Protein chains: 4
Amino acid sequence: MGVTRIGHVSLRVMDIAASVNHYTKVVGMDVTHRDSDGTTYLKCWDEWDKYSVVLRPSDRAQLDHIAYKVENDADLDVLGKRVADAGVAVSKHAAGELTFCGRSISFMLPSGQRMYLFAQKDFLGKDVGVMNPDPWPDSRHGIGVHWLDHCLILGELNPEKGINHVADCHDFLKGALDFRLTEQAMVGPGHKVMAAAFMTRTVKPHDIAIVGAPTDGFHHLSFFLDGWHDILHAGDVLSKNRVKIELLPSRHGITRGETIYFFDPSGIRNETFGGLGYAAHPDMPVITWVEEEMARGIFYTAREWVDSFSSAYTAV
Amino acid sequence: MGVTRIGHVSLRVMDIAASVNHYTKVVGMDVTHRDSDGTTYLKCWDEWDKYSVVLRPSDRAQLDHIAYKVENDADLDVLGKRVADAGVAVSKHAAGELTFCGRSISFMLPSGQRMYLFAQKDFLGKDVGVMNPDPWPDSRHGIGVHWLDHCLILGELNPEKGINHVADCHDFLKGALDFRLTEQAMVGPGHKVMAAAFMTRTVKPHDIAIVGAPTDGFHHLSFFLDGWHDILHAGDVLSKNRVKIELLPSRHGITRGETIYFFDPSGIRNETFGGLGYAAHPDMPVITWVEEEMARGIFYTAREWVDSFSSAYTAV
Amino acid sequence: MGVTRIGHVSLRVMDIAASVNHYTKVVGMDVTHRDSDGTTYLKCWDEWDKYSVVLRPSDRAQLDHIAYKVENDADLDVLGKRVADAGVAVSKHAAGELTFCGRSISFMLPSGQRMYLFAQKDFLGKDVGVMNPDPWPDSRHGIGVHWLDHCLILGELNPEKGINHVADCHDFLKGALDFRLTEQAMVGPGHKVMAAAFMTRTVKPHDIAIVGAPTDGFHHLSFFLDGWHDILHAGDVLSKNRVKIELLPSRHGITRGETIYFFDPSGIRNETFGGLGYAAHPDMPVITWVEEEMARGIFYTAREWVDSFSSAYTAV
Amino acid sequence: MGVTRIGHVSLRVMDIAASVNHYTKVVGMDVTHRDSDGTTYLKCWDEWDKYSVVLRPSDRAQLDHIAYKVENDADLDVLGKRVADAGVAVSKHAAGELTFCGRSISFMLPSGQRMYLFAQKDFLGKDVGVMNPDPWPDSRHGIGVHWLDHCLILGELNPEKGINHVADCHDFLKGALDFRLTEQAMVGPGHKVMAAAFMTRTVKPHDIAIVGAPTDGFHHLSFFLDGWHDILHAGDVLSKNRVKIELLPSRHGITRGETIYFFDPSGIRNETFGGLGYAAHPDMPVITWVEEEMARGIFYTAREWVDSFSSAYTAV
């Protein structure tokens with residue numbers, strides 16, 4: 001019952017052809033539909049719903065919305081009421097308004113991103129099928145990502161002005177949508193200010209993350225890979241395709257994940273993320289990183305702050 | 001709400017010293033308590049509760065019980081009633097009766113194994129702690145398993161006599177405890193007989209598995225590793241310690257898991273299992289393996305049936 | 001100066017179409033030439049000479065010959081004389097007699113296999129080229145082996161009759177062709193009988209191996225892969241293509257190599273072999289495995305003898 | 001005959017205790033001897049000679065010398081004469097002058113580093129021994145490097161002044177010591193200036209490398225690891241020990257090697273280098289990287305120039 005997983009990320013991109021090339025040839029997704037206006041829907045080989053990324057032609061790079069899937073249609077009513085009770089305006093959308101999906105609701109997160117919830121999306125099936133499936137399809141190409149795994153959003157953090165959209169977002173996702181906190185970064189005197197929150201609805205270390213920044217924004221969408229060897233392969237594919245890499249192969253301290261950060265042609269950051277890391281059962285104690293160790297928490301291998309979280313992110 | 005994960009496996013073993021040596025030096029667990037009768041409690045470095053394996057001195061190798069943890073104390077009442085409503089006798093146990101645990105309930109699975117449910121166990125914490133943790137502790141040793149991940153039990157399967165404890169167990173775990181089926185093997189004319197069921201309460205491909213056999217029994221307890229490289233390392237550690245390996249490093253078709261099967265000194269089968277495989281969200285379609293492909297489903301690399309499921313298993 | 005590396009293996013196979021399919025689609029080689037009689041020449045992506053495997057249509061599976069490349073044309077005269085001085089008859093072959101090669105010499109090893117030496121073969125180049133090359137080509141397919149790495153031949157070993165073609169072969173390869181012994185297995189009372197010899201002309205742990213068997217024969221040709229992850233991938237490709245695997249992914253004790261043994265459609269054994277293992281410099285002391293540890297030496301993970309060396313091998 | 005491999009690197013370091021801690025606890029070597037003045041000799045577990053790194057207490061970080069081992073004692077006379085014939089002054093050293101070694105010769109490379117050649121050094125043996133050895137010893141610790149693999153030296157490159165110590169060094173190592181060129185970087189108009197040379201005496205892609213820089217210097221000493229998984233582990237160990245990393249886990253285009261660059265406590269650069277890459281047989285065509293692709297050649301994953309080759313290197 002409730003939110004089960006990320007459903008898709010909808011992005012506004014500047015060069016639709018270059019973007020589609022990037023998410024297909026490099027990232028390894030497949031196009032499953034194109035609207036007449038060029039809006040393109042893509043799916044990973046290990047996903048079963050019709051799409052997990054939407055690319056909309058635009059004159060600037062921007063996050064359009066993120067969408068999470070709920071288990072049952074009735075959850076939309078229950079969760080919609082809880083969101084409204086939290087003082088957040090809820091929009092209701094008829095079936096089809098969220099393309100290829102049943103009815104949905106949407107609202108603005110405290111950090112300014114629009115989030116949709118939906119219970120049903122057209123079904124296509126994994127490329128390996130459901131009968132005696134091979135572990136991977138011969139159609140795998142490019143980096144060959146398995147699925148859209150999570151996204152990382154930015155929340156304005158300005159303690160001097162009393163603004164902390166990280167904490168606000170955490171409180172909202174916990175209170176209204178039952179996300180659980182797995183790891184947090186705490187900064188300031190006495191480490192009392194939440195500067196990052198990693199939250200899950202499963203046992204994966206995170207299904208969404210919120211990190212503090214000068215303004216609200218969108219940091220990255222992340223695709224799952226089996227593990228570290230796939231990260232090397234991803235780096236090779238990125239280099240072959242001359243894709244700009246921001247963060248070389250590394251481990252995250254937070255989540256233990258193995259990672260590369262790179263950019264799509266519009267400058268929207270992608271991550272390929274490998275390994276389960278750990279199983280974040282509900283009774284696992286929350287992990288805390290203090291300000292002095294926060295760079296190491298996020299960039300465990302480098303232990304130095306990467307510009308990633310200061311300015312280079314996508315507007316919402 | 002409900003069952004969250006496997007809590008522990010309690011085993012009767014014939015040579016307690018040799019067994020403790022195996023689960024510590026080879027498997028990589030640590031002893032956290034010993035009773036005066038020699039009963040020994042062990043924990044993996046990435047677990048936080050006091051133990052996940054119990055070894056009881058005995059004159060024969062036998063499964064004592066398996067125990068799963070529920071999220072809330074009240075779940076014990078709800079689930080206890082549902083188990084009873086399913087026609088299964090429920091025993092109630094006061095706090096401490098299941099050592100170092102709060103109150104618990106227990107019952108016999110349709111395949112003859114005793115299962116406990118409990119909501120609380122003494123807490124010790126991961127070896128890496130909760131403050132700015134490293135991804136692994138310097139105390140890691142032997143194979144260095146992360147956690148007890150699941151167990152595989154055997155159910156008598158004799159279609160001619162109308163006996164199918166696999167299907168019975170599946171129906172019970174689904175109906176009373178809300179386990180979801182992720183993969184199944186179907187045999188016989190028209191593939192109508194369920195010969196194996198892989199079930200989860202999380203998004204891991206399985207938290208428990210039931211496979212058909214000549215009699216009810218216990219097949220293996222399985223420990224988690226990050227991935228394939230750890231399987232090679234596990235094989236090296238097993239060889240250094242002259243531990244009998246049943247199945248060389250392989251991939252499972254079912255779950256996609258990377259695996260080795262080997263035996264503890266009493267002949268109880270262990271598995272080290274690597275990688276997430278895939279995320280088994282509630283809306284993921286069930287995967288089916290038909291009889292002709294079942295060997296490939298279980299032993300994807302070998303594609304031939306290993307004796308594993310005919311005779312060499314532990315009584316219950 | 002002298003022998004530099006294995007050049008090719010020439011095989012007689014029973015179903016040429018099935019064999020070509022195996023070495024291309026499964027193993028990952030490419031056809032570079034076909035004779036009118038169906039004889040087919042194949043090359044790996046990371047090799048530069050025109051072929052490393054020759055498949056000749058035949059009514060039975062048989063080793064035709066193995067060929068090693070020498071550094072300079074003049075080496076053929078020097079080594080030819082040394083072979084003759086060792087009492088072994090040497091045949092001289094004009095350029096082209098060994099297809100696409102310059103002049104060559106050939107002779108029978110003490111274990112009954114015909115070995116050619118040649119200094120020149122037509123050049124095609126690696127698939128990645130020599131200008132700013134990527135680490136692997138987009139044309140990589142199937143298991144994607146890098147190169148033919150070595151072969152393992154069988155020598156009759158019958159100490160009671162005073163027959164030891166392993167030792168004979170070792171002495172010949174050392175004495176006439178300057179191969180160095182890296183590892184040996186010694187059996188019998190006092191471990192005085194050489195039952196296996198691993199020999200190199202480089203710093204790879206072996207460029208050729210000779211193992212004792214009931215009769216002379218050919219055990220396998222082996223292809224190089226980077227490492228253990230490629231062995232998992234190889235296993236997946238073999239399973240997808242329903243290729244018979246003899247030895248599941250394992251480590252060799254001898255050479256430390258990571259391995260799978262499988263069969264081509266004629267029943268000729270292939271190996272995919274991963275990792276350097278160690279650098280066998282000339283001053284590295286020889287490693288010795290005694291009879292009681294020989295199974296562990298060859299099959300380190302399994303530590304049990306596989307039928308591989310008793311009967312299932314190819315005639316010469 | 002001739003040079004077989006790197007024998008050791010002798011370094012002057014500023015804090016001998018911190019340096020010994022680094023090369024033992026972090027890198028994973030063992031101390032095999034200490035002189036009364038604090039000079040410390042260290043060996044890797046997979047090496048057999050008494051040491052491969054020497055640390056001398058000093059008031060500044062500096063390369064003392066590099067030493068390569070030749071196959072036979074007589075090679076010292078032959079090669080000494082060839083070096084002298086090349087117009088380079090040769091010093092002869094009695095046995096013991098190069099500590100724990102037999103007689104040796106030394107000379108200055110055209111790029112200003114002192115190179116010793118020796119034929120014999122005291123023998124200790126691999127930690128795994130030579131009888132039925134395990135693939136790795138239980139004594140393995142820290143990053144657990146296998147052996148000192150190669151070093152990269154810097155040669156002054158100033159085409160406008162007609163200075164090219166890279167080409168000079170290449171010519172000397174080829175002409176006098178029979179090193180073979182495997183890969184080169186060519187810069188300037190028409191790509192006629194050799195800006196980097198990777199040279200080998202084995203089939204490893206390099207046993208020594210020379211890269212152009214503003215002044216002669218020493219860039220790094222490099223230790224061998226099996227492969228990419230060990231690079232992740234190395235990064236974890238470096239982070240646990242707060243060691244400064246210069247280059248995050250990456251692939252080199254040149255050599256295909258998997259790498260991390262980091263610094264010892266005196267600021268001397270270390271590399272851990274994984275995988276064979278390819279087998280550089282004598283008949284493999286030389287690989288060329290042109291100026292526009294040189295950054296990608298060295299830092300394949302990043303494809304951007306790292307400061308590494310501009311200023312941060314050690315004097316000679």
Side-chain angles (χ1 to χ4, degrees), chain C residues 1 4-5 46-49 69 71-72 119-121 123 125-126 128-136 146-147 149 183 185 201-204 224 226-229 251-258 274-290 292-294 296-297 300, chain D residues 1 4-5 46-49 69 71-72 119-121 123 125-126 128-136 146-147 149 183 185 201-204 224 226-229 251-258 274-290 292-294 296-297 300:
Chain C
M1 212 219 68
T4 57
R5 60 178 175 85
D46 211 10
E47 295 174 329
W48 48 90
D49 278 352
K69 193 173 189 180
E71 189 164 359
N72 307 304
Q120 183 271 331
K121 188 183 282 183
F123 175 85
K126 297 186 185 188
V128 288
V130 295
M131 294 298 295
N132 316 306
D134 287 308
W136 44 270
H146 285 245
W147 59 74
D149 187 79
E183 307 204 30
R201 278 289 302 161
T202 61
V203 295
K204 294 192 296 113
F224 189 83
D226 271 342
W228 182 238
H229 188 273
R251 186 197 282 283
H252 289 306
I254 297 173
T255 76
R256 297 183 189 159
E258 299 142 4
L276 172 59
Y278 55 80
H281 293 289
D283 62 331
M284 189 190 86
V286 171
I287 294 165
T288 300
W289 298 79
V290 297
E292 299 74 12
E293 295 285 330
M294 189 172 163
R296 185 162 160 274
Y300 184 77
Chain D
M1 212 218 70
T4 57
R5 60 177 175 87
D46 212 8
E47 295 174 330
W48 47 90
D49 279 351
K69 193 173 188 180
E71 190 163 357
N72 307 304
Q120 183 272 329
K121 187 183 284 184
F123 175 85
K126 298 186 184 188
V128 288
V130 295
M131 293 299 295
N132 317 306
D134 287 308
W136 44 269
H146 285 244
W147 59 74
D149 187 80
E183 306 205 31
R201 279 289 303 161
T202 60
V203 294
K204 295 192 295 114
F224 188 84
D226 271 342
W228 182 239
H229 188 272
R251 187 197 283 282
H252 288 307
I254 297 173
T255 76
R256 297 183 189 159
E258 300 142 4
L276 172 59
Y278 56 79
H281 293 289
D283 62 331
M284 189 190 87
V286 172
I287 294 165
T288 299
W289 298 79
V290 298
E292 299 74 13
E293 295 286 329
M294 189 173 164
R296 185 162 160 274
Y300 183 77

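Remember, it's a predicted structure, so these values are computed and weren't measured experimentally. Note on naming: letters A, B, ... go to the chains in the order of the sequence lines (proteins, then strands), and numbering restarts at 1 for each one.
- Taking chain D as the reference chain and counting heavy-atom pairs below 4.5 Å, the highest number among C/Gly277, C/Pro133, C/Gly227 is found for C/Pro133.
- D/Lys126 meets the salt bridge (charged side-chain N to carboxylate O under 4.0 Å, His left out) test with D/Asp46; sequence neighbours excluded.
- At a threshold of 4.5 Å between non-hydrogen side-chain atoms, the residues C/Phe224 and D/Leu276 count as touching.
- Between atom CZ of residue C/Arg256 and atom NE2 of residue D/His146 there is a gap of 6.5 Å, rounded to the nearest 0.5 Å.
- Within the 4.5 angstrom heavy-atom criterion, only backbone atoms of D/Val286 (N, CA, C, O) approach chain C.
- Proximity to chain D (any heavy atom under 4.5 Å) is shown, for C/Met1, by neither the backbone nor the side chain.
- Contact of C/Trp147 with chain D is made through the side chain alone, with heavy-atom distances under 4.5 Å.
- For D/Trp48 (side chain) and C/Asp283 (main-chain N/O), a donor-acceptor pair under 3.5 Å exists by modelled atom type.
- If you measure heavy-atom distances from C/Tyr300 to chain D, the contacts under 4.5 Å come from the side chain alone.
- Only the side chain of C/Asp49 comes within contact range of chain D, with heavy atoms under 4.5 Å apart.
- For C/Pro282, the part lying under 4.5 angstrom from a heavy atom of chain D is the side chain only.
- Looking at C/Ala279, both its backbone and its side chain come within 4.5 Å of chain D, counting heavy atoms on both sides.
- D/Glu293 meets the side-chain contact (heavy atoms from CB on, under 4.5 Å) test with A/Arg242, C/Asn132, D/Trp289, D/Val290, D/Arg296; sequence neighbours excluded.
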